[in-house]
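Here is how names work: the chains are called A, B, and so on, in the same order as the sequence lines, proteins then strands, and each is numbered from 1.
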Amino acid sequence: MPAGTLYRGREGMWSWVAHRVTGVLIFFFLLVHVLDTALVRVSPQAYDSVIQTYKTPVVNLMEYGLTAAILFHALNGLRVIAVDFWSKGPKYQKQMLWSVVGLWVVLMAASFYHILQHTLLTWFGK
Amino acid sequence: MSAPTIDAPHSAALDAAEAGGVQMITFTLRIRRFNPEEHPEPVWVDYQLTMDPKERVLDALNKVKWEQDGTLTYRRSCAHGICGSDAMRINGRNRLACKTLLKDVNPEQPITVEAIKGLAVLKDLVVDMDPFFQAYKDVMPFLITKGNEPTRERLQSAEDRERFDDTTKCILCAACTSSCPVFWNDGQYFGPAAIVGAHRFIFDSRDEGGEQRLEILNDREGVWRCRTTFNCSEACPRGIEVTKAIQEVKRALVTRRF
Amino acid sequence: MQIHQYDTVIVGAGGAGMRAAIESTQHSRTAVLTKLYPTRSHTGAAQGGMCAALANVEEDNWEWHTFDTVKGGDYLVDQDAAEIMCKEAIDAVLDLEKMGLPFSRTEAGRIDQRRFGGHTRNHGEAAVRRSCYAADRTGHMILQTLFQNCIKHGVEFFNEFYVLDLLINEGKTSGVVAYELATGEIHVFQAKAVVFASGGTGKFFKVTSNAHTLTGDGQALVYRRGLPLEDMEFFQFHPTGIWRMGILLTEGARGEGGILRNKDGERFMERYAPVMKDLASRDVCSRAIYTEIREGRGCGPEGDHVYLDLTHLPPEQLDAKLPDITEFARTYLGIEPYTDPIPIQPTAHYAMGGIPTNVEGEVLRNNTDVVPGLYAAGEVACVSVHGANRLGTNSLLDINVFGKRAGLAAAAYSSTVDFTPLPQNPAEKVQALVDGLRESTGTESVAQIRKELQETMDVNAMVYRTGATLKQASEDIAALRERYKHVAIQDKGFRYNTDLLEAVELGNLLDLAEVLVVSALAREESRGGHFREDFPTRDDVKFMQHTMAYQEVAADGSTSIRLDYKPVVTTRYQPMERKY
Amino acid sequence: MSTDTTGIELVASSQAHTGKGLGTGNPADEFVIQPPRARTRTTPRRTRTNFEMLAWLFMRLSGVVLVVLILGHLLIMLVLDGGVSKINFAFVAGRWASPFWQGWDLLMLWLAMLHGANGMRTVINDYAEKDSTRLWLKTLMGAATVFTVLLGTLVIFTFDPNI
Ligand SMILES: Cc1cc2nc3c(=O)[nH]c(=O)nc-3n(C[C@H](O)[C@H](O)[C@H](O)COP(=O)(O)OP(=O)(O)OC[C@H]3O[C@@H](n4cnc5c(N)ncnc54)[C@H](O)[C@@H]3O)c2cc1C
Ligand code: HEM
Ligand code: SF4
Ligand code: F3S
Ligand code: FES
């Protein structure tokens, strides 16, 4: 696409792009997640060995990313629902979006240690 | 004879508006030109202009056409935002060229101008509007009533009139529809303008065709395709709360009571 | 070249064209040819309202409306036509309401009405509420509603088709020739009846409320076929255009209580029109403004404008009744009308003159006879209901009343007659015109000639005119017409060649400007919109008649203008001194 | 003097602009910049069912419920006592011993998968240009969904902590 033909949408458009991207991401993750959990039917060892790989720093970080995606999708999803069903929703969509982002940042910061403690512990020790 | 005078001091804005001796600026207008008779691919062309920053982008286009390159092609008529001819993408966003002052689109940088998205580009800034109008026609945008006509006007309270006021302002400029990401993806979606057109009648207390129109918009390509991206509301030069109108139609469909 | 056959062809899809189309489509096979998508027509720019003596809010009747129209037109109005218009006004408004037009409403749910310039109760006693409106978007609503009803009736539109010639054969209408913008192709439309509704011609002035596309195409091509143009010297200058830009601020603003003020803040209209004050008719207000400016009481550093003051009106009232024009002030001037007065100046607005028709919309080829099958309605036509000065709101009325009449008459005619054969090589003239422009090797620029035309018209043929200024304009136009012969265009293509069409339109403007100036020069009196400083009074003995201008073509192909006069139809009202 | 129109083909319809160029035979028409998919006479296809509306409603309702289910799930799995480090077979076994958590996870699985699948359907509809591509993608996605949902359900119901 020749440069400049991008549409410079505003908050509403970019939040939708993010919502869509995170939605698709979660969907694919979910497929994998059900598969790995299904291993509990195969044998405890198989399950535990897969879960073990989840505890590596790389996957742990991805987990953090996934949480970020789910959190954003969930919060923004609530915003979309508010736009749909609350008559003043469209008017306050931007304020709601910034609240979503704000809440998301807070929650992500709060869960930083909790989710990544495993990695932090491996890397930096106690 | 009493001659009431205005004693309010001149505001700075009024002084600015009336100031003599305009400060001209020189800037670049970057237009995405496309003329299939000459070249099958679109190209960006830069034009240097010196103008009063309080003039409109349409004035700048006119200046290019009249003084530099007569082949530049675009639609325009009223030149004050009332006819809907000149929706185009200015600095990446849909606007009416005649309602956009140069000073408001940062003339320090090149100002980019290109055709609206999602409709076939025929030449320069001219797109094929027929699919757009077809979608509008498809929602039956005319008053539908049953029974005998009254001899005088139909009565309508001021509140009932106010209910659909916002969507009567539409000038069918297509700025909204061509800003909608769902519409770009495939031209099948009815698009916000058609829904605005339907809304204007669905919420008119005199109209009795709301049910039919709702049924039309209940289509696979109807209101449900809207992803609430708000590009339409941002783009509308008439300040119509387009997304809100769409949501009202959705809610009317869900409740089917209005 | 393609040939099409339709019973009725309508040229133009503004208010008049679409109103005609709604009628004629129901009775005959109709095509509407329009150089713009219908909703782009300039009817959509009309703001203030459409008058009808509905008496919804105050006592009123159509006879008072007729009187105001006749007086407003400085007694040059054909009174039989004015009576029809004012009487049918009531149904015209009700028809629109039934078609779905969202009028602003009264408390009781009826169509609301507001005051407007020159509209009075009981023959001039006081201002009356007669104008039906939808905020300050009345024209927009009319245009949209008519378009919507055209969709309902399945009207067949040919969008972006420029009609460039009228075909007359054996003295009867046989069709039109059009140029398709998208492809550059020429189309011949054979038709039994043709209705011209192609709108105004304001673009020969620089400061104008008119759209870029109002170039008088209809008037010009009919005129070149040897048919007369009536009263072209009467052009209305609306008092309140945005300073320098000409964008209109409706008279409804003064109807809602807005006041004109000079640089001292004085409400100067009290001096010029003690009764109606700011709501005097437009010619009176425009002259008053220019007098203030000339006498040094204009505003701004150059003293070249006055103010429209709305600051004393409650913001809620402005939001509800005048939302668009307040937005214009914000967008284009960057000022806040709640707190600042708006700089304004008179702006070229409306052509009272045009193609002469009778009350059925039939086009006259001289003072008495019609061209069978040819109709005109709207601003392109001159019925004449506006005489020397149109009252505000009477044009939206005109396009509805006479648009409908012309549509009905055309359909009735075309269902009784056969096609008139097309002349030999029907597209010859248009082909020659576009080929000539495409292949021209001249050096003159369209934009430059147009600019000079607009400048001379603004200086010499505006609100105040004298023999000398008009002669100057006439010489300038003659020189520009000469230069126009060597005009060249840059776009030689076929697809969307707007360069070519701007050149064609300029040709029309030049011809019509010449007619305006020549007619004005001959009218040695002041009446309505035509004010001669060298003849400042009305002369009912010599000039109580309509000007009829004909193009005469000499053997060598050169053209000249022949003026003739047509009596005014007077029924009830004898001319009186005109005071507001 | 007149032109005889009997032999000439009369053109009656107005412009046939359908987004497929101007249809005038002008070679330049091939180069018109097309919209992604032209709206034609046969589209949009009227559906006349409430499917889209129900799907839309389902997205919102399931969304609200999922907020509770998924955020709760995340909280327990990733945040509370020890995060991922604590997860192993025994932990899962412990949870699924209770029908409450069985129900929770089952509902979460179904809602999330149906919500996700419907969301993916929208995405595919938007971006797949050809009808056949669309069909393929949707079939693939549908199959994956059905498989996953069935597998997950099976696992939850037939889970045996003493394996
Ligand atoms: C800013 C403004 C405000 C106004 N406000 C009021 C008001 O409040 N009340 C009132 O009564 N009047 C008002 N008027 C006047 C009134 O709006 C116009 O006179 C009236 O709308 C003219 O309508 P019309 O149908 O004759 O022409 P238009 O609406 O101008 O339509 C002309 C049509 O002809 C077509 N056309 C032109 N040339 C060609 C060609 N060569 N080939 C094919 N088609 C062609 C165009 O495409 C267009 O569709 C206002 C005018 C202006 C400019
Ligand atoms: C956590 C709670 C969730 C909420 C509140 C939520 C909310 C929503 C809402 C309201 C929509 C509709 C958006 C629209 O119509 O414009 C949506 C779309 C979507 N959701 Fe979710 N969702 C959640 C979880 C999930 C999960 C777990 C998945 C993946 C399996 C998912 C995948 C999707 C997808 C793919 C879309 C379509 C995106 C689009 O069309 O742009 N969502 N979500
Ligand atoms: S809703 Fe607004 S943007 Fe869309 S067509 Fe109407 S006026 Fe233009
Ligand atoms: S831009 Fe499109 S997605 Fe909806 S909110 Fe507007 S129609
Ligand atoms: S030219 Fe009419 S809207 Fe811009």
Side-chain angles (χ1 to χ4, degrees), chain A residues 5 19-35 37-52 54-56 59-60 63-64 66-67 70-71 73-78 80-82 84-85 107 110-122, chain D residues 33 56-57 59-64 66-68 70-71 73-75 77-93 96 105 108-109 112-113 115-120 122-124 126-127 141 144-145 147-156 158-163:
Chain A
T5 67
H19 193 82
R20 175 160 278 194
V21 170
T22 52
V24 172
L25 215 76
I26 305 167
F27 180 76
F28 284 116
F29 163 76
L30 194 57
L31 293 183
V32 177
H33 187 48
V34 172
L35 281 180
T37 309
L39 288 176
V40 292
R41 275 292 283 131
V42 180
S43 74
Q45 293 72 23
Y47 183 74
D48 282 345
S49 72
V50 170
I51 290 300
Q52 206 49 48
Y54 279 23
K55 294 172 185 169
T56 61
V59 179
N60 199 205
E63 220 150 32
Y64 188 63
L66 188 74
T67 312
I70 293 180
L71 257 182
H73 189 94
L75 293 174
N76 190 54
L78 292 177
V80 170
I81 294 168
D84 286 332
F85 292 104
L107 288 176
S111 60
F112 181 80
Y113 176 73
H114 288 288
I115 295 176
L116 292 176
Q117 58 176 290
H118 188 81
T119 303
L120 297 174
L121 289 179
T122 5
Chain D
I33 302 180
W56 182 86
L57 273 174
M59 288 305 270
R60 297 169 217 225
L61 290 175
S62 61
V64 174
L66 279 170
V67 171
V68 179
I70 293 189
L71 295 192
H73 178 83
L74 285 176
L75 198 70
M77 294 311 221
L78 299 177
V79 179
L80 296 185
D81 42 65
V84 235
S85 1
K86 69 174 181 248
I87 299 177
N88 57 24
F89 183 79
F91 180 80
V92 177
W96 281 352
D105 283 3
M108 186 166 70
L109 171 76
M113 282 310 290
H115 175 104
N118 190 46
M120 290 301 289
T122 323
V123 176
I124 294 170
D126 276 359
Y127 297 125
M141 192 269 306
T145 308
F147 173 78
T148 312
V149 169
L150 289 182
L151 178 71
T153 311
L154 192 81
V155 170
I156 295 176
T158 64
F159 177 68
D160 175 5
N162 305 317
I163 197 171

Roughly how far apart are [X] [atom1] and [Y] [atom2], rounded to 0.5 Å?
X       : Y       : atom1 : atom2 : answer
A/Thr67 : D/Leu75 : OG1   : CG    : 11.0 Å
A/Ile51 : D/Phe91 : CD1   : CZ    : 10.5 Å
D/Ile70 : A/Ile26 : CD1   : CD1   : 7.0 Å

TODO: List the steps and the verdict of side-chain contact (heavy atoms from CB on, under 4.5 Å) for D/Val67 and A/Leu75.
DONE: CA-CA 8 Å; D/Val67 171; A/Leu75 293 174; over 6 Å; no
Report which part of [X] has an atom under 4.5 Å of a heavy atom belonging to chain D: side chain, backbone, both, or neither.
X       : result
A/Phe85 : side chain
A/Ile70 : side chain
A/Phe29 : neither

With a 4.5 angstrom heavy-atom cut-off, is it the side chain or the backbone of [X] that approaches chain A, or both, or neither?
X        : answer
D/Val92  : side chain
D/Met59  : neither
D/Ile124 : neither
D/Leu66  : neither

Open item on the list: Can you tell me which residue among D/Leu109, D/Leu150, D/Val149, D/Thr153 is in a side chain to side chain contact (heavy atoms under 4.5 Å, CB included) with A/Val34?
Closed with: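 Checked D/Leu109, D/Leu150, D/Val149, D/Thr153 against A/Val34; only one passes side chain to side chain contact (heavy atoms under 4.5 Å, CB included): D/Leu109.
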Task: Audit row: D/Phe89, A/Leu39, side-chain contact (heavy atoms from CB on, under 4.5 Å) steps and yes/no - done: CA-CA 10 Å; D/Phe89 183 79; A/Leu39 288 176; over 6 Å; no
- [ ] Return the option, out of A/Ala110, A/Gly77, A/Ala74, A/Ala38, with the maximum number of heavy-atom pairs under 4.5 Å with chain D.
- [x]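 That would be A/Ala38.
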Task: Option that, when pairs with chain A are counted at under 4.5 Å, heavy atom only, ranks first among D/Met141, D/Met120, D/His115 - done: D/Met120
Task: Heavy-atom pair with the smallest gap, counting every atom of A/Val80 and D/Arg60 - done: CG1-NH1, 3.4 Å
- [ ] Tell me, with the steps shown, if D/Thr148 and A/Leu30 meet side-chain contact (heavy atoms from CB on, under 4.5 Å).
- [x] CA-CA 9 Å; D/Thr148 312; A/Leu30 194 57; 6.0 Å; no
